[in-house]
Amino acid sequence: MFPTPESRLRALNSRPPDPAGEWVLYWMTMQRRPGFNFALEHAAQSAVRLGRPLLILEALRLGYARATERSHAFILQGMAANARDLAGRPVFYFPYLELEPDQGRGLLAALAARACLVVADDHPGFFLPQMLAAAAGQVPVQMQAVDGCGLLPLDATGQAYPSAYAFRRFLQKELPGHLAAWPAADPLAGLDLPRLAGLPAEIAQRWPAAPAPALAAAPEFLASLPLDHSVPPAPLTGGWEAGRERLARFLAERLPRYLERNHPDAEAASGLSPWLHFGHLSPHEVFAALARQEAWGPPRLGAKAAGKREGWWGMSPPAEAFLDQLVTWRELGFNAARHLPAYDQYDSLPAWARQGLAAAAGDPRPHLYRLEQFRAAATHDQLWNAAQRQLNREGVMHNYLRMLWGKKILEWTASPREALAVMLELNDRLALDGRDPNSICGIFWVLGRYDRPFGRHPMIGPLRPMTSASARRKLRLKQYLARWEA
DNA sequence: ATCGGCTCGCGCAA
DNA sequence: TGCGCGAAGCCGAT
């Protein structure tokens with residue numbers, strides 16, 4: 001066991017630990033898995049040091065924005081997987097689920113009141129920063145956030161990078177120094193910790209652990225919760241076990257043809273983002289599995305890549321292309337969420353994009369749709385509709401089509417601000433990776449972030465255009481269209 | 001089938 | 001100060 005890297009550790013308050021506390025509390029919110037988890041590892045080591053039981057709280061509330069049966073089912077499946085894994089471990093796992101809005105209010109404070117210290121997941125997106133700040137005020141003992149978001153610690157830079165090229169160049173210089181501090185595959189292995197027999201009665205009565213049908217994400221149970229029932233569970237299973245299976249299948253079957261992933265019919269994309277989003281999979285675990293398959297070690301790192309995509313890691317071309325997604329682009333999204341003020345607001349776009357879009361605001365728009373029409377996949381464009389239907393039913397959308405999808409929404413709404421609102425609503429409500437810094441990053445790319453101008457065009461001004469006609473011409477998507485035509 | 005132009009900002013070389 | 005270059009584009013000329 002290594003000490004938690006300082007660069008991943010953030011003090012949320014300035015209170016000391018209480019050595020007389022009854023347990024060490026790990027509040028699992030964004031890294032919902034037992035392995036490759038810096039925060040869990042840090043909490044476990046703290047528990048060993050203090051000789052106290054480790055209590056893991058994994059909670060799911062009802063009141064967050066756009067809570068659907070789909071997101072709830074995926075998270076609950078993840079909690080069931082964690083319950084299975086942690087049942088035989090030297091920890092007390094407490095899965096909590098609200099049955100009515102705000103039922104969970106006060107739970108963290110109640111558990112923290114008896115804790116030696118509290119460890120939380122650090123995360124720059126959604127409402128996490130505000131939630132962590134608010135929680136820190138209610139915690140009477142030391143509270144720390146641990147950052148397991150990416151291979152690069154969030155605070156390894158204070159800068160919001162303006163382009164993937166600049167960020168990649170930075171990573172090529174700085175990332176090797178962070179690869180030595182790796183999270184343990186199993187941070188609980190061989191730990192000798194006192195066991196907590198149960199929670200105090202007054203806590204257990206007011207906040208009972210999630211019932212079995214909940215963790216099974218049973219349809220009748222989901223139907224009984226006050227959620228958005230218009231978005232049914234996706235045909236994907238949440239949890240670290242399912243995520244790990246998906247990863248193994250991707251590496252074995254799809255990675256060899258990863259360079260063809262833009263063709264929907266090639267079915268070569270990784271499809272890992274739902275599990276990464278909920279922390280069921282760790283980017284460290286993904287990287288480690290890839291490195292093993294490629295028989296890779298740090299000595300193979302390229303000497304001088306200077307922002308180039310190839311020849312950075314010294315892996316096969318498909319593996320390098322995948323790492324550009326997993327590391328450069330994924331962590332660029334986290335970089336923006338952490339360091340770009342108002343990263344999810346329109347005004348955070350680069351000036352050339354905002355000005356160019358403003359200049360094109362008065363252009364005639366031959367097709368205009370409202371949110372409901374987009375959601376119903378009821379536009380004039382069969383390819384666009386097909387992509388929307390995939391999102392509606394599977395909770396994911398093919399990557400290349402996701403860019404086209406956004407570019408068309410920009411042309412088919414009255415203003416770029418409305419386009420942003422429509423994209424965020426559809427993405428965050430329907431996609432399993434909605435709200436992720438990474439999917440938000442894709443939406444803002446549609447609006448010009450990290451991109452460059454491409455002349456002047458009606459409605460979109462200097463933004464890079466994409467057209468369905470061109471996509472049909474250059475991509476293999478016959479089967480895709482047939483599958484999602486209605 | 002391939003190529004340049006469209007257009008902006010940045011880092012780096014000179 | 002100039003130059004090269006950038007998530008995956010698109011169109012029209014050759």
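Chain letters run A, B, ... following the sequence lines, proteins first and then strands; every chain starts at 1.
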Report summary line: Between A/V146 and the options A/D122, A/D121, A/V119, the side-chain contact (heavy atoms from CB on, under 4.5 Å) test singles out A/V119

Query raised in the report: Between the side-chain atoms of A/R168 and the base atoms of C/dA7, is any donor-acceptor pair under 3.5 Å?
Result: no

Report summary line: Re C/dG4: Watson-Crick or G-U wobble partner, both distances kept under 3.5 Å, found to be B/dC10

Report task. Look at all strands and tell whether A/F454 reaches a base, only sugar-phosphate, or nothing, counting heavy atoms closer than 4.0 Å. Result -> base

Query - Residue A/R473, side-chain heavy atoms: nucleotide from C/dC11, C/dA7, B/dT7 that is nearest - result: C/dC11

**Report entry** C/dG4 versus B/dA14 - spacing of their P atoms, nearest Å
**Finding:** 12 Å

Query raised in the report: Of the candidate nucleotides B/dC8, C/dC10, C/dG6, which contains the atom at the shortest distance from the side chain of A/W352?
Result: B/dC8

Requested in this report: Rounded to whole angstrom, note down the P distance from B/dG11 over to C/dA7.
Outcome: 14 Å

Report task. Could you measure between the two P atoms, the one in B/dT7 and the one in C/dG12, and give it in whole Å? Result -> 16 Å

Query raised in the report: Atom OH of A/Y161 and atom C1' of B/dG11: how far apart are they, to the nearest Å?
Result: 12 Å

Requested in this report: Send over the distance from A/I460 CD1 to B/dT7 C1', rounded to a whole Å.
Outcome: 13 Å

**Report entry** Options C/dC10, B/dC8, C/dA7, nucleotide nearest the side-chain atoms of A/R452
**Finding:** B/dC8

Query raised in the report: Tell me: NE2 of A/H457 to P of C/dG12, nearest whole Å?
Result: 10 Å

Report task. Please evaluate the base of C/dA8 for a donor-acceptor partner in the side chain of A/N262 within a cut-off of under 3.5 Å? Result -> yes

Requested in this report: Look at the side-chain N and O atoms of A/R464 and state whether any lies under 4.0 Å from the OP1 or OP2 oxygen of C/dA8.
Outcome: yes

Query raised in the report: Crowded around A/E6 CD? As in, over 12 foreign heavy atoms under 6.0 Å?
Result: no

Query raised in the report: CZ of A/R169 versus C1' of B/dC10: gap in Å, rounded?
Result: 9 Å

Requested in this report: Take atom C1' in C/dC5 and the same atom in B/dG4, then report the distance between them in whole Å.
Outcome: 16 Å

Query raised in the report: Among side-chain atoms of A/D436 and A/H277, is any donor-acceptor pair under 3.5 angstrom?
Result: yes

Report task. Mind calculating the distance between CZ (A/R456) and P (B/dC6) to the nearest angstrom? Result -> 12 Å

Query - Heavy-atom neighbours of A/R370 CZ exceed 12 at 6.0 Å - result: no

Query raised in the report: Which part of the nucleic acid does A/Q355 contact within heavy-atom distance under 4.0 Å: base, sugar-phosphate only, or nothing?
Result: nothing

Query raised in the report: Quick one: do A/R338 and A/D147 make a salt bridge, cutoff under 4.0 Å?
Result: no

Query raised in the report: Ring stacking, A/W329 with base of C/dA7, under 5.5 Å and under 30°?
Result: yes

Requested in this report: Report the distance from atom OH of A/Y450 to atom C1' of B/dC8, rounded to the nearest whole Å.
Outcome: 17 Å

Query raised in the report: Hey, does the side chain of A/K474 come within less than 4.0 Å of C/dC10's phosphate (OP1/OP2), counting only N and O?
Result: yes

Query raised in the report: Is A/S163 near enough to C/dG6 that one of its side-chain N or O atoms lies under 4.0 angstrom from OP1 or OP2?
Result: no

Report summary line: Result for salt bridge (charged side-chain N to carboxylate O under 4.0 Å, His left out) between A/D428 and one of A/R435, A/R66, A/R70 points to A/R66

Report task. Could you check whether A/S470 gets within reach of a base, just the sugar-phosphate, or nothing at all, counting any heavy atom under 4.0 Å? Result -> sugar-phosphate

Report task. Calculate the interatomic distance between A/L447 atom CG and B/dC8 atom P; express it in whole Å. Result -> 18 Å

Report task. Please determine if a side-chain N or O atom of A/K407 lies less than 4.0 Å away from the OP1 or OP2 oxygen of C/dA8. Result -> no

Report task. Grab the CZ-P distance between A/R449 and B/dG9 for me, whole Å please. Result -> 16 Å

